[in-house]
Amino acid sequence: MQKSYSVESIYRDLKAKIESGHYLADNRLPDEKQLANLYGVGRQAVRMAIEKLVEEGVVKRVKGHGTFAIFKPKKQLLGLIDDCWTFEFIRKNLANVPKEYDYFKKNMPALSFEITWYKEKSRVCFERCFLDPIKNPMALKLLQSQDNIHPVDFCIQTLDSGVVEEHIELVKIPRALSKHLDLEDKNFVIRRTVFLSNHIGELFAFSLLYYHPSVQIIQIHRI
């Protein structure tokens with residue numbers, strides 16, 4: 001059974017999504033019917049929640065075009081990556097998502113990126129990023145691009161998307177990945193999983209970041 005939201009909870013949820021960059025400035029929010037279906041309420045409740053956001057200057061209504069976000073987040077999240085770190089691609093291809101992380105349509109290849117992060121010349125983070133090429137066809141150009149464009153940066157900057165969820169946990173590093181951080185198999189590392197969705201809440205990208213146990217993370221990467 002779908003949870004039904006109050007006007008206040010709809011207002012808080014929409015505001016949080018706008019402030020976090022899920023709905024980017026100057027992008028149109030889903031229409032009232034879509035939001036009503038999403039929250040399991042009538043359109044009047046959605047309309048009242050949006051009016052509160054209009055009064056606060058978080059969104060604006062454009063007659064005949066819809067409701068647009070105004071608020072510009074100070075930063076977006078690429079991951080817990082220090083500003084001084086650099087990265088290089090190890091591999092870019094179309095590949096099946098590992099079964100334990102199969103968040104996309106079954107048996108559908110995803111855009112797969114393997115990335116090593118460096119602090120000076122030391123390996124400090126290894127990342128595996130997966131993008132759904134059906135919901136995210138523009139990202140196909142990343143496979144052929146010679147530019148050093150991070151796939152998550154690309155999604156946030158060019159698509160109507162944002163970071164919507166993240167999980168942080170301590171795990172034993174998979175044997176196949178230990179060489180990318182110059183570690184023995186027995187080492188434990190921090191793994192951070194970042195999920196991205198489009199403006200109607202469809203998941204189309206996620207990224208797994210494994211941090212070297214000796215790394216000291218000073219600040220969140222800004223874009």
Side-chain angles (χ1 to χ4, degrees), residues 1-80 97 101-106 110 129-139 151-169 192-209 220-223:
M1 183 175 178
Q2 187 179 31
K3 178 183 176 181
S4 181
Y5 288 73
S6 66
V7 172
E8 181 66 22
S9 60
I10 295 170
Y11 154 77
R12 288 199 304 266
D13 187 62
L14 287 174
K15 185 176 182 180
K17 286 180 176 178
I18 292 168
E19 291 178 343
S20 69
H22 177 61
Y23 297 127
L24 301 177
D26 301 322
N27 284 176
R28 184 168 64 86
L29 272 63
D31 62 31
E32 289 182 359
K33 183 178 180 180
Q34 289 175 310
L35 290 172
N37 290 336
L38 177 65
Y39 293 113
V41 298
R43 293 176 67 171
Q44 180 62 22
V46 170
R47 192 173 296 120
M48 292 172 66
I50 290 177
E51 284 302 322
K52 294 185 67 174
L53 295 173
V54 171
E55 291 173 4
E56 293 186 8
V58 178
V59 301
K60 64 180 178 181
R61 288 187 181 276
V62 180
K63 189 174 182 180
H65 294 281
T67 302
F68 294 79
I70 298 175
F71 181 88
K72 294 184 178 180
K74 294 181 180 178
K75 57 191 173 185
Q76 297 285 355
L77 296 180
L78 174 63
L80 293 174
V97 178
Y101 304 117
D102 196 0
Y103 300 108
F104 301 148
K105 187 175 181 180
K106 301 294 183 182
C129 185
F130 299 93
L131 280 62
D132 186 330
I134 304 301
K135 297 187 179 73
N136 200 0
M138 290 178 62
V152 175
D153 268 347
F154 178 87
C155 291
I156 291 177
Q157 292 173 1
T158 63
L159 304 176
D160 190 5
S161 65
V163 175
V164 294
E165 190 177 344
E166 59 181 330
H167 299 158
I168 299 177
E169 54 194 329
R192 183 171 186 263
T193 309
V194 178
F195 298 92
L196 283 83
S197 73
N198 59 23
H199 73 285
I200 59 174
E202 295 176 323
L203 176 71
F204 67 79
F206 70 96
S207 190
L208 305 167
L209 299 101
I220 293 176
H221 176 80
R222 298 174 184 271
I223 62 172

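Owing to the predicted nature of the structure, the values given are computational and were not obtained by experimental measurement.
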Which residues pass the side chain to side chain donor-acceptor pair (under 3.5 Å) test with [X], sequence neighbours left out?
{"X": "D13", "result": "K17, Y39"}
{"X": "E56", "result": "Y11, K15"}
{"X": "R43", "result": "none"}

E55: side-chain contact (heavy atoms from CB on, under 4.5 Å) partners, not counting sequence neighbours:
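Not a single residue meets the side-chain contact (heavy atoms from CB on, under 4.5 Å) criterion with E55.
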With sequence neighbours excluded, what pairs up with R12 under the side-chain contact (heavy atoms from CB on, under 4.5 Å) test?
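Once residues adjacent in sequence are excluded, the partners of R12 under the side-chain contact (heavy atoms from CB on, under 4.5 Å) criterion are E8, S9.
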Exercise: identify the closest heavy-atom pair between [X] and [Y]:
{"X": "L196", "Y": "V194", "result": "CD1-CG1, 4.1 Å"}
{"X": "E51", "Y": "R61", "result": "OE2-NE, 3.1 Å"}
{"X": "I18", "Y": "A69", "result": "CG2-CB, 4.2 Å"}
{"X": "P133", "Y": "A110", "result": "CD-CA, 3.9 Å"}

Check salt bridge (Lys or Arg N to Asp or Glu O under 4.0 Å) between R47 and all other residues, then give those that pass, not counting sequence neighbours.
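In terms of salt bridge (Lys or Arg N to Asp or Glu O under 4.0 Å), with neighbours along the sequence ignored, R47 is linked to E32.
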Is there side-chain contact between E169 and R192, with at least one heavy-atom pair below 4.5 Å?
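Result no, sub-4.5 Å side-chain heavy-atom pair not found.
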Going by heavy atoms in the side chains, are V58 and I70 under 4.5 Å from each other?
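The answer is no, as the side chains (C-beta and beyond) never meet within the 4.5 Å cut-off.
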Please identify each residue that fulfils ring-ring contact (aromatic ring centres under 6.0 Å, His included) with F206, with sequence neighbours left out.
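With neighbours one apart ignored, the set is Y103, F104, F130.
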Quick check on side chain to side chain contact (heavy atoms under 4.5 Å, CB included): which of T67, I10, I50 does L35 satisfy it with?
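Exactly one candidate clears the test, I50.
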